[in-house]
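First up is the structure itself, then whatever we jot down about it.
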Amino acid sequence: MRAALWFLALFGVAVAIALFAGNNQGTVTVFWPPYRIDLSLNLVLMLAVGGFVFLYAVLRALSALFDLPQQARRWRNQQKERAVHGLLVDAIAHLLAGRFVRARKSAETVLAQEAALQASERHLPHAEPLRALAHLLVAESAQALQDKSARDTHLQQALAPQAGREGLAMREGVLMRAARWSLDERDPQAAGRWLGELPLGAARRTLALRMKLKAYRLLSQPAEALETARLLAKHRAFSPLAAESIVRGLAIDLLNGAHDSAQLLRAWGDLEPTERAMPDLAIHGALRLQALHGDAQLARQWILPVWERHSELSDAQKVRLVQALEAGLDSIDSAWLARFEAAQRANPRDASLQYLAGMACMKRQLWGKAQQLLTQAALGLRDARLHRQAWRALAQLAEDRGDAETAAQAWKRAATE
């Protein structure tokens, strides 16, 4: 379509010129005493156009001739720039391939050639970020070669102030690499200092948060590590299962750091509702509270949501839940006893529930029912500790009623199975 329009326009121009020139009877007279020259107007116009074209061509040729030295200098500068960029690419490729000595030499050559260009007043348009990147490559290679003095020297040069957005991004990248090196050397304090120099926006990026998490874990600061892990989970830095596992582990470390029940209560209050609802975390918190001689009733309140989802728990979680409830059976109330009995009737083949109900009946001095439930539980329990505890309880019941032979057999099975 465009070609057709151009053709029509050209045809129109040709027609206009033909109409103008075909019937043009005008003349141009030039008086040059004692001469008189009569020229056709068409010829004068053609000579004018031809002279303009010729003059323009001559001026362009002269301009190109005088511009040759500048073009030669520009070409040489472009060749040097291409060489610098080629060496920079080689340094990155060698670094990724693990050839650290070659990478270091290529990056040092980049610095030398860039300095030569600067000395000859031929500044690259992006000299500062290029120089910082070359210093970073040298420092990275020196880190791999365990040359810490060269690494620190080039690191400081890479952190030199730079103007513009590219310079800010380069500085952030250098700070993050420095933090990574510190973490590789198991120096979380230095990593924290490097990360502390990042701007607020960069400090909340996923990479920075991952390094903060590792630093806090190395520093044994579970509260800060837990908060960082929550941010990473919100940013979807981990899969849901991995995020839950990491948060649960850090929360357990936070609870383990409590040295008395008051500290444990504060730590428990710092947890989010979704975290307190985790079965493993709730059970561990209850066990920890009872180990610190805290309120057993409060511990049972912590694990009540877990108890209500008893059927969804794994076998290992059921065993730990039974252990947590067993530790507070001395202060068990009728409501919890009713829960034990209801759960045992709803799941008559669950050995852990039989054991728990039997131990609760034993604490309430319901000897006959306790013996029946514990006998059934002892035959079905897979956990070694609960299995021994069941036979020990049966041995104590037999001793209380004066059946020495049955008690001896129960003690023997508790010791051997």
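Any value given below was found using the heavy atoms of this structure, including those in side chains, with hydrogens, waters and symmetry copies removed.
Of all non-hydrogen atoms in R276 and L281, the two that sit nearest each other are N-CD2, 4.5 Å. Closest approach of A390 to A378, counting heavy atoms only: CB-CB, 4.1 Å. Heavy atoms only, all atoms of each residue included: A258 and L292 are closest at O-CD1, 4.0 Å. Pairing each heavy atom of L250 with each of A229, the nearest pair is CD1-CB, 3.6 Å. The two atoms that bring L255 and G285 nearest to each other are CD1-CA, 3.9 Å, heavy atoms only. What you find for A299 and Q290 is that their closest heavy atoms are CB-NE2, 3.6 Å.
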For residues 182-196, run the donor-acceptor check on the side chains, cut-off 3.5 Å, and write out each pair with its distance to 0.1 Å, sequence neighbours left out.
residue	atom	partner	partner atom	Å
S182	OG	A178	O	3.2
E185	OE2	R151	NH1	2.8
D187	OD1	A190	N	3.4

Only distances under 3.5 Å count here; give the side-chain donor-acceptor pairs of residues 204-213 to other protein atoms, sequence neighbours excluded, each with its distance to 0.1 Å.
residue	atom	partner	partner atom	Å
R205	NH1	E172	OE1	2.8
R205	NH2	E172	OE1	3.1
R210	NH2	A237	O	2.6

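Sorted by first and then second residue, the ring-ring contact (aromatic ring centres under 6.0 Å, His included) pairs involving residues 236-286 (not counting sequence neighbours) are W268-W302. Screening residues 251-271 for salt bridge (charged side-chain N to carboxylate O under 4.0 Å, His left out) gives no qualifying pairs among residues at least two apart or on separate chains. Screening residues 132-143 for salt bridge (charged side-chain N to carboxylate O under 4.0 Å, His left out), with sequence neighbours left out, gives E140-R177. Residue pairs meeting the ring-ring contact (aromatic ring centres under 6.0 Å, His included) criterion with at least one partner in residues 78-115, sequence neighbours excluded, are H85-H126. Residue pairs meeting the salt bridge (charged side-chain N to carboxylate O under 4.0 Å, His left out) criterion with at least one partner in residues 93-104, sequence neighbours excluded, are R104-E108, R104-D147.
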task: Give the C-alpha distance, both sets of side-chain angles, the deciding distance and a yes or no for side chain to side chain donor-acceptor pair (under 3.5 Å) between E326 and Y355.
output: CA-CA 10 Å; E326 182 186 3; Y355 170 83; 2.6 Å; yes
CA sep, side-chain torsions, deciding dist, call: K369, E341, side chain to side chain contact (heavy atoms under 4.5 Å, CB included): CA-CA 11 Å; K369 192 172 183 179; E341 293 177 351; 3.7 Å; yes
Intermediate values then yes/no, side chain to side chain contact (heavy atoms under 4.5 Å, CB included), Q323 and I283: CA-CA 9 Å; Q323 293 174 352; I283 296 170; over 6 Å; no
task: Evaluate the criterion side chain to side chain contact (heavy atoms under 4.5 Å, CB included) for residue pair V319 and D315; output intermediate values, then yes/no.
output: CA-CA 6 Å; V319 170; D315 292 340; 5.6 Å; no
message: Let's go through Q146 and K148 carefully: what are the C-alpha distance in whole Å and the side-chain angles of both, what is the deciding distance for side chain to side chain contact (heavy atoms under 4.5 Å, CB included) to 0.1 Å, and is it a yes or a no?
response: CA-CA 6 Å; Q146 297 298 312; K148 295 183 179 180; 4.3 Å; yes
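Proximity of Q354 to L374: side-chain heavy atoms (C-beta onward) are nowhere separated by under 4.5 Å. Contact of the M176 side chain with the L198 side chain is registered, since non-hydrogen atoms from C-beta on lie closer than 4.5 Å. Considering only heavy atoms from C-beta on, L289 comes within 4.5 Å of S261 through its side chain. Put simply, the side chain of L353 does not reach to within 4.5 Å of the side chain of L373, judged on heavy atoms. Here the side chains of L155 and H135 are not in contact, with every heavy-atom distance at 4.5 Å or above. Proximity of D90 to T109: side-chain heavy atoms (C-beta onward) are nowhere separated by under 4.5 Å. The shortest distance between side-chain heavy atoms of Q317 and E312 does not fall below 4.5 Å. With contacts defined as side-chain heavy-atom distances shorter than 4.5 Å, the pair L133/V110 does not qualify.
For the atom pair CG of L137 and OG of S141, the computed distance is 6.5 Å after rounding to the nearest 0.5 Å. The CD1 atom of I92 sits 8.5 Å away from atom CG of L95, with the distance rounded to the nearest 0.5 Å. To the nearest 0.5 Å, the span separating CD1 on I252 from CG on L271 amounts to 10.5 Å. Note that CH2 of W181 and CG of D152 are 8.5 Å apart. Values are rounded to the nearest 0.5 Å. The OG1 atom of T406 sits 10.0 Å away from atom CG of L394, with the distance rounded to the nearest 0.5 Å. To the nearest 0.5 Å, the span separating CZ on R320 from OG on S352 amounts to 14.0 Å.
Remark: R217 pairs with no residue by the salt bridge (charged side-chain N to carboxylate O under 4.0 Å, His left out) rule, at least two apart or across chains. With sequence neighbours excluded, the residues forming a salt bridge (charged side-chain N to carboxylate O under 4.0 Å, His left out) with E272 are R230, listed by chain and number. Scanning for salt bridge (charged side-chain N to carboxylate O under 4.0 Å, His left out) contacts around D383 gives an empty result, with sequence neighbours left out. For the side chain to side chain donor-acceptor pair (under 3.5 Å) test, residues two or more places apart in sequence or in another chain that qualify with Q79 are R82. Looking at residues two or more places apart in sequence or on another chain, you find a salt bridge (charged side-chain N to carboxylate O under 4.0 Å, His left out) between R171 and E197.
The neighbour count for R392 CZ, taken as heavy atoms of other residues, nucleotides or ligands under 6.0 Å away, does not exceed 12.
Using cut-offs of 30° and 60° for the angle between ring planes, the Y56 and F52 rings count as parallel.
Q113 places no side-chain N or O within 3.5 Å of a backbone atom of A83 that could act as its donor or acceptor partner. Side-chain N or O atoms of R288 include one that pairs as donor or acceptor with a backbone N or O of N256 at under 3.5 Å. With hydrogens and angles disregarded, no donor-acceptor distance shorter than 3.5 Å links the side chain of S245 to the backbone of L241.
Between D350 and K318 there is a salt bridge, since a side-chain N of the basic residue sits under 4.0 Å from a carboxylate O of the acidic one.
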